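The structure displayed is predicted, hence computed values, not measured ones. Throughout, protein chains are lettered first and strands after them, A, B, ... in sequence-line order, and every chain is numbered starting at 1.
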Number of protein chains: 2
Amino acid sequence: MKTIKDIAALAKVSIGTVDRVIHNRSGVSKKTKERIEKIIQEHGFQINKTARILALNKKYNIAVLMPTVESSSDFWYLPKKGIEKASEEFEMHRISVNYFHFDPLNLNSFKDVFDKLLENSFNAVLLAPIFLNEAKERLIYLDQRKIPYVFINAELEGANNISYIGQHSFDSGALAAKLMSLLINTEDDILIVKVRRDNVHHSTIEDRISGFKSYFNTRKTPIQIHEVILPKIKDQETINTLLHKKLTNHQIKGLFIPSSKVSVVANYVEEHKLKHLKLIGYDLNEENVHLIKNETIDFLIDQDAFFQGYEGTKTLFNFIINNVVPPKNRYLPIKLLTKENVKYL
Amino acid sequence: MKTIKDIAALAKVSIGTVDRVIHNRSGVSKKTKERIEKIIQEHGFQINKTARILALNKKYNIAVLMPTVESSSDFWYLPKKGIEKASEEFEMHRISVNYFHFDPLNLNSFKDVFDKLLENSFNAVLLAPIFLNEAKERLIYLDQRKIPYVFINAELEGANNISYIGQHSFDSGALAAKLMSLLINTEDDILIVKVRRDNVHHSTIEDRISGFKSYFNTRKTPIQIHEVILPKIKDQETINTLLHKKLTNHQIKGLFIPSSKVSVVANYVEEHKLKHLKLIGYDLNEENVHLIKNETIDFLIDQDAFFQGYEGTKTLFNFIINNVVPPKNRYLPIKLLTKENVKYL
DNA sequence: TAAATTTGCGTGTACGCACACGTTTTTATA
DNA sequence: TATAAAAACGTGTGCGTACACGCAAATTTA
């Protein structure tokens, strides 16, 4: 591969002129510019990124807006690990990451932390726009400042994000439904369990439920689908009561829990030895892994949480440094896990 | 982060001396060496890989031993794509790749091509040791020349490979069995279909079958498992006869094809409209993707063929350039695909 | 004690690119 | 035609590391 020096020699100009042509800077006559461009075409010159990074030697700062991570069983533990890995890999490129953590169950916390973020300065933002409207309002300021941003985990239509990295929630719900149809019989019923503390609309979870239902709707099975909302995760009493009521009133065999909180239900099932019940849930935190290994949970859908953080950070970096424009939507594989393959990630 | 220059200034020596300490070269008095090491400890110096690569500016050559790739529906098409992607990414690091292709169904071809490879010189080898014994004999020469090598796709126990990147075949078979048990009933039978042209022992496929059988063995179901070997893929007549015989003689509902050749069986099933049959196979070539989309195939197990090539190349590169020692076994996710999630890869 | 050798360390250049600055050439203006 | 201004191009330095080379001091040998 030719270097700038080589091209310069071939064109009988200095490397400075070649440099100007490459970067489309002014100060080159049309004639020489075309000559150099032709030589570059013919010899296939490509910039040496290593040398480029070394020469630029700038500092970059990426802001991350995501939920608080308290323990390794939190869903957001893995994305954060991914971000950390990417930033370690890029440390030599003088990249640094600033975290802005909010409470995912508290709308005001999201607003406040996002506002705080906007007070600072940085080169790019990685965020999970969990609260759609509140995010949308604030992204305008990033657009104004021409700061690129990438979404992970939650999708927000109509924004100027350079990329979304995450799962196709609707289709993951449909996959869950297919598996459920294998686990139960046509005379059985299904219960969808939503676990949440407030009434805020969570797009990802609703999309999963839509996908799940649509699978059964298009197939016209006699299977009945019930729903229940479990508020206040800490209060096991209320949860038990609610679940017990639903399970006794109907012929339920399949339980679909469209979030990582499947363990809340699984613990109940395990405790009451309801082994005939089939559970499908999401995500691979420690608790869920334990519950799938002992087959209390039958299937887990993994959304590559680690990869979301890792790839999101990398995407931003490549965009800033190398001007690599990523695809707008990067739907990750919908990974299906059972006892048999849960150890391989 | 401090640079060599910084450390040199702090230690009041030249950068040359610091360089010698970092690389554990001779020519530094014990006293100075310890002083510099202490300063490095305290200030947390880390080598700048970018500058390092630029300064080294060596050329590296990786040899790849793998089956011939003729069309995009070949299994080995994807690993090759992965290798190409990795080598593109590393082109700036002056890495080049030399392919040595053999006929995967011909033992002598494997031997000849491997011997030819050994005549050349390179810095590392990426290979699929499909023929275990013949590979083992020849790897000795790589060991002698201290050339690092990585296995992809097929595992070979007791070799000095720095890493294996691929799936755990046995467990993937067990996963297939679990799904099969969901697809069929206890009164149904299962047929395992081996597709091959010669009698050479193919470890990967046998391991998958072992895993599959062991699942049913440990559960003591009344399900009967039959087997059939289909030779000569091109000869559809023979295949039809053999399959027809097996399917009429037994109450078979589930078909397990432990290779990417599942399409051979699926085409038969599609043609004869045997919609009640359930098929599980491997790998995502174009044909298989088509067959899973129209639900002729029920489940495909993907072994991340692209990633195997990509990661294998990267692993070797990082080992050569950055002395990064990889884990000996990198078992990839056992990805399960159905009509619902096959588009997300 | 002088000469020869070894040890310890500094210097300079290369790697390929970016960019500020300086120099030459061309064009416009008086 | 002289001069100013603008355009076109060259030069030099820095980014952080690797390594060959070379010099000086310390050590060994005669």
Side-chain angles (χ1 to χ4, degrees), chain A residues 1-37 39-40 43-60 89-95 320-324, chain B residues 1-37 39-40 43-60 89-96 123 320-324:
Chain A
M1 183 63 66
K2 305 278 176 213
T3 69
I4 285 189
K5 212 179 4 181
D6 298 329
I7 301 293
L10 287 164
K12 287 173 186 154
V13 293
S14 74
I15 56 167
T17 306
V18 177
D19 180 68
R20 276 180 277 261
V21 171
I22 290 169
H23 294 90
N24 239 322
R25 276 192 282 257
S26 60
V28 188
S29 72
K30 204 175 171 186
K31 214 176 72 183
T32 25
K33 188 177 177 185
E34 280 166 3
R35 182 156 45 95
I36 293 174
E37 274 168 348
I39 292 175
I40 288 178
H43 293 78
F45 166 81
Q46 257 188 267
I47 237 167
N48 182 321
K49 284 186 191 175
T50 308
R52 174 165 213 271
I53 288 168
L54 191 63
L56 281 170
N57 201 30
K58 280 189 199 159
K59 282 186 186 174
Y60 297 96
E89 278 184 14
F90 291 140
E91 207 217 333
M92 57 171 167
H93 300 331
R94 318 208 154 205
I95 206 156
I320 303 175
I321 309 283
N322 303 323
N323 299 316
V324 177
Chain B
M1 184 64 67
K2 303 282 177 209
T3 70
I4 285 192
K5 213 181 358 184
D6 298 329
I7 302 292
L10 286 164
K12 286 168 187 161
V13 293
S14 75
I15 56 169
T17 307
V18 177
D19 181 66
R20 277 180 275 261
V21 172
I22 289 168
H23 294 90
N24 240 323
R25 277 192 285 257
S26 59
V28 187
S29 70
K30 203 174 171 186
K31 215 175 71 184
T32 340
K33 187 178 177 184
E34 279 167 1
R35 182 156 45 94
I36 293 173
E37 275 169 347
I39 291 174
I40 288 178
H43 293 79
F45 165 82
Q46 258 188 265
I47 233 168
N48 182 321
K49 285 184 190 175
T50 308
R52 175 165 210 268
I53 288 168
L54 190 64
L56 279 170
N57 199 31
K58 280 187 198 161
K59 282 186 187 174
Y60 297 96
E89 278 185 15
F90 290 141
E91 206 215 335
M92 58 172 168
H93 300 331
R94 318 209 152 201
I95 207 156
S96 66
N123 306 94
I320 302 174
I321 310 282
N322 303 323
N323 300 315
V324 177

Find the bend of the helix from dT1(C)-dA30(D) to dA30(C)-dT1(D) as the angle between its two terminal axes (five pairs each), to the nearest 10°.
50°
What residues 26-36 of chain A contributes to the DNA chain C interface at heavy-atom separation below 4.0 Å is none
Rounded distance [0.5 Å steps], CG in N48(A) versus CG in L54(B)
6.5 Å
Enumerate the salt bridge (Lys or Arg N to Asp or Glu O under 4.0 Å) contacts for residues 10-23 of chain A, please, sequence neighbours excluded, ordered by first and then second residue.
D19(A)-R25(A)
Between NZ of K49(A) and OG1 of T50(B), what distance do you get to the nearest 0.5 Å?
12.5 Å
Nucleotide range of DNA chain C contacted by chain A, 5' to 3', under 4.0 Å to a heavy atom?
dC15(C) to dC19(C)
Those residues at least two apart in sequence (or on a different chain) that pass side-chain hydrogen bond (donor to acceptor under 3.5 Å, both in side chains) with N123(B) are none
By side chain to side chain contact (heavy atoms under 4.5 Å, CB included), which residues pair with I40(A), not counting sequence neighbours?
I7(A), I22(A), I36(A), F45(A)
N24(A): what forms a side-chain hydrogen bond (donor to acceptor under 3.5 Å, both in side chains) with it, not counting sequence neighbours?
K33(A)
Using side-chain heavy atoms (C-beta onward) and a distance below 4.5 Å, is L56(B) in contact with R52(B)?
yes
According to side chain to side chain contact (heavy atoms under 4.5 Å, CB included), who are the partners of S14(B), at least two apart in sequence or on a separate chain?
T17(B)
Closest non-hydrogen atom pair, I320(B) against N323(B)
O-OD1, 4.3 Å
Would you say the side-chain atoms of R35(A) pair up with the backbone N or O of A11(A), donor to acceptor, closer than 3.5 Å?
yes
Sequence neighbours left out, what passes side chain to side chain contact (heavy atoms under 4.5 Å, CB included) with T3(A)? Give chain and number order.
K5(A), D6(A)
Under the rule for side chain to side chain contact (heavy atoms under 4.5 Å, CB included), what residues qualify as partners of S96(B), not counting sequence neighbours?
N61(B)
Could you run through nucleotides 15-21 of chain D and give me one letter per nucleotide, 5' to 3': B if any protein heavy atom sits under 4.0 Å from the base, S if only the sugar-phosphate is that close, - if neither?
BBBBB--
